[in-house]
Amino acid sequence: MLRLYTHPACLEHDPGPEHPESPSRLRAILRALDHDRFAALYRIEAPRATREQLLRVHAADYVDRILALAPTSGTVRLDEDTLMSPGSAEAALRAAGAAVAAVDMALAGSGRAFCAVRPPGHHATPDRAMGFCLFNNVAVAAAHAIEEHGLRRVAIADFDVHHGNGTQDIFEADARVMFVSSHQSPLYPETGRPDEHGVGNVINAPLSPGDGSYEFRELWEGALLPKLYAFKPQLVLVSAGFDAHRADPLAELRLTTEDYAWITGRLMDLAHAHAGGRLVSTLEGGYDLQALAASVGAHVAELMA
Ligand SMILES: [Zn+2]
């Protein structure tokens with residue numbers, strides 16, 4: 001059974017009318033999932049992450065600052081493209097809380113989950129909001145799996161078109177987590193070179209502008225998935241960004257909706273081989289509403305298979 005974690009509060013984070021990371025993204029996804037073929041999805045309202053859960057990966061003064069910063073009207077700017085509105089702190093708590101609850105569920109033996117949440121998380125570092133991200137949702141989930149459930153090997157597979165610099169920052173010295181990323185280079189945030197390898201637990205695989213299905217699949221098949229299989233993860237977490245799609249306005253890769261079904265299937269194979277089928281995917285980027293809705297639909301349909 002596939003569980004879908006989301007929360008209405010995630011629609012209330014509004015970085016402003018011109019911002020690509022808009023509430024319309026989540027609305028488009030929820031509309032796409034409100035379809036007969038997804039009738040078997042088990043929908044769960046995401047809880048808030050606790051302060052203790054956030055402090056496993058974020059500095060205390062950073063968490064306090066984010067929670068205190070939300071304005072009573074309008075927006076407050078944290079960096080050039082990361083803003084908070086009155087609903088942002090609650091949305092960020094629910095987004096991180098979704099990933100934590102999904103891990104609890106997965107490790108209770110119930111398998112797989114998708115977290116349809118925003119703001120996204122993978123650019124957030126221990127003490128810095130950036131790239132539309134406030135709390136690093138997938139990192140909070142990985143730390144929870146380790147600290148609360150005692151796991152010794154957690155994999156994070158990140159196929160967002162941007163490098164997950166925050167996730168890398170958080171875990172690059174922690175061999176209990178393997179962080180594997182495909183991303184376009186050059187592109188924001190300009191990190192993720194192959195020679196950034198942590199303690200052997202970080203695998204960065206850049207793609208060039210214009211690369212598409214062939215290069216993406218070859219990279220995962222030839223370089224990234226073998227590393228993940230060798231790591232033998234007890235849990236597979238996915239930073240599921242859909243902005244490498246050819247229609248996406250923020251990058252120049254040329255993936256198709258089918259590529260997202262493919263990578264999802266391959267990551268499920270990995271989870272079945274080593275992790276008892278336990279996989280938790282959480283939404284990162286994806287900024288063409290139609291492509292995003294179709295790609296999430298393909299991802300979720302595959303997770304339900
Ligand atoms: Zn992205």
Side-chain angles (χ1 to χ4, degrees), residues 10 13 15 18-26 28-29 78-83 91-92 95-96 99 114-125 128-139 141 156-170 179-193 196 202 204-212 215-216 219-220 224 237-257 259-260 263-264 267 281-296 298-299:
C10 293
H13 163 59
E18 304 301 317
H19 202 286
E21 206 290 281
S22 71
S24 308
R25 297 178 61 239
L26 182 54
I29 288 169
L78 304 184
D79 84 344
E80 57 194 85
D81 52 24
T82 312
L83 298 94
F114 177 66
C115 302
V117 293
R118 51 184 294 280
H122 72 156
H123 294 305
T125 76
R128 190 173 161 211
M130 59 182 279
F132 317 162
C133 301
L134 300 177
F135 297 135
N136 194 316
N137 308 319
V138 79
I156 301 175
D158 185 332
F159 56 71
D160 189 280
V161 80
H162 303 96
H163 179 241
N165 62 293
T167 312
Q168 175 172 306
D169 269 14
I170 289 165
F179 174 66
V180 163
S181 172
S182 64
H183 46 270
Q184 180 183 319
S185 177
L187 188 66
Y188 181 89
E190 310 301 347
T191 51
R193 294 190 319 269
E196 296 167 20
V202 173
N204 283 311
L207 290 158
S208 299
D211 281 353
E215 293 83 3
F216 177 78
L219 199 62
W220 279 91
L224 300 182
L237 302 179
V238 182
S239 265
F242 299 91
D243 40 10
H245 194 284
R246 60 178 57 220
D248 199 276
L250 295 197
E252 291 88 38
L253 294 191
R254 302 180 50 77
L255 296 196
T256 64
T257 304
D259 292 316
Y260 291 111
I263 187 62
T264 306
L267 292 170
S281 173
T282 187
L283 180 68
E284 301 283 2
Y287 303 98
D288 178 88
L289 296 187
Q290 224 172 344
L292 173 64
S295 299
V296 170
H299 180 60

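The residues of the chain are indexed from 1 along the displayed sequence. When a ligand or atom number is given, it counts from 1 through the structure's own listing order.
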Here's a test for you: under side chain to side chain contact (heavy atoms under 4.5 Å, CB included), which of Pro119, Pro120, Pro15 qualifies with Phe132?
Pro120
Determine the interplanar angle of the His245 and Tyr260 rings, folded into 0 to 90°, and report it as parallel if under 30°, tilted if 30 to 60°, perpendicular if over 60°.
parallel
Metal site the Zn ion (ligand 1): N/O/S of Glu284 inside 2.8 Å:
no
Could you identify the N, O or S atom of Asp160 positioned closest to the Zn ion (ligand 1)?
OD1
Looking at Asp243, the N/O/S atom that lies nearest to the Zn ion (ligand 1) is called OD2
Can you list everything that forms a ring pair (Phe, Tyr, Trp, His ring centres under 6.0 Å) with His13? Sequence neighbours excluded, please.
none
For Arg246, salt bridge (Lys or Arg N to Asp or Glu O under 4.0 Å) partners two or more places apart
none
When you measure from the Zn ion (ligand 1) to the N, O or S atoms of His162, does any of those distances fall below 2.8 Å?
yes
